[in-house]
Amino acid sequence: QVQLAESGGGLVQAGGSLRLSCAASGRSLNNFVMAWFRQAPGKEREFVAAISGGTDNTYYADAVKGRFPISRDNAKNTMYLQMNNLQPEDTATYYCATTTFYSGSNYRTLPTPADFNAWGRGTQVTVSS
């Protein structure tokens, strides 16, 4: 069974940067898609970014494209989200997710939470103006 643990959240001023990490344990995720979602208070959980297994194809929500590059280190079974030029609207709890049923190499539409079957507990990111 896969366990995911996020880290790296915190409080930052607008324009600042943070790097989130998602460490996986229980099995190797090298061949499976990993993704970041976020959820602000009173809002639905929304897709942020994903990276496929094997091919490292990347997918981004329009709101973060060009600011939040996603990457993974298969040797460490870890995924990262480098968040640059953070804005107050980026304030949310950030969750990492994976599914062991799909590599994520050919999404035709952006993933949704229903596409994933393992989740971390989340890390809080707060951006002050």
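- Across all non-hydrogen atoms, the minimal contact from Phe116 to Trp119 is O-NE1, 3.6 Å.
- Residues Ala14 and Pro88 share a closest heavy-atom pair of CB-CD, 4.2 Å.
- Between the side chain of Thr123 and the backbone N or O of Gly9, at least one donor-acceptor pair lies under 3.5 Å.
- To the nearest 0.5 Å, the span separating CG on Asp115 from OH on Tyr102 amounts to 9.0 Å.
- For Gln3 against Gln1, the heavy-atom pair with the smallest separation is NE2-O, 3.1 Å.
- In this structure, Arg38 forms no cation-pi arrangement with Tyr95, as its terminal cationic atom is not both closer than 6.0 Å to the ring centre and no more than 45° off the ring axis.
- At least one cation-pi condition fails for Arg72 and Tyr80: the charged atom is not both under 6.0 angstrom from the six-membered ring centre and inside a 45 degree cone around its axis.
- Side chain of Glu6 to backbone of Arg121: a donor-acceptor contact under 3.5 angstrom is found.
- Ring to ring, Tyr59 and Tyr107 are close: their centroids are under 6.0 angstrom apart.
- Hydrophobic cluster membership for Met83: Val2, Leu4, Val12, Leu18, Leu20, Leu29, Phe32, Met34, Trp36, Val48, Ile51, Tyr60, Val64, Phe68, Ile70, Met79, Leu81, Leu86, Tyr94, Val125, Val127 (Ile, Leu, Val, Met, Phe, Trp, Tyr linked by side-chain heavy atoms under 4.5 Å, directly or transitively).
- Contact record, Gln82 with Ser17: NE2-CB, 3.9 Å, taken as the closest heavy-atom pair.
- Without hydrogens or angle criteria, Asp73 side chain to Thr78 main chain gives no donor-acceptor distance under 3.5 Å.
- No donor-acceptor pair closer than 3.5 Å links the side chain of Asn30 to the backbone N or O of Gly54.
- Here the closest non-hydrogen pair linking Thr55 and Ser52 is OG1-OG, 2.8 Å.
- Thr93 and Gln124 form a side-chain donor-acceptor contact under 3.5 Å, judged by distance and modelled atom types alone.
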**Q.** Evaluation steps, side chain to side chain contact (heavy atoms under 4.5 Å, CB included), between Glu89 and Thr91
**A.** CA-CA 5 Å; Glu89 53 266 35; Thr91 295; over 6 Å; no
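- The closest side-chain donor-acceptor pair between Ser103 and Asn31, if any, does not fall under 3.5 angstrom.
- Phe37 and Ala35 make their closest contact through CE1-CB, 3.9 Å (heavy atoms, listed as atom of the first residue, atom of the second, distance).
- At a threshold of 4.5 Å between non-hydrogen side-chain atoms, the residues Asn84 and Pro69 count as touching.
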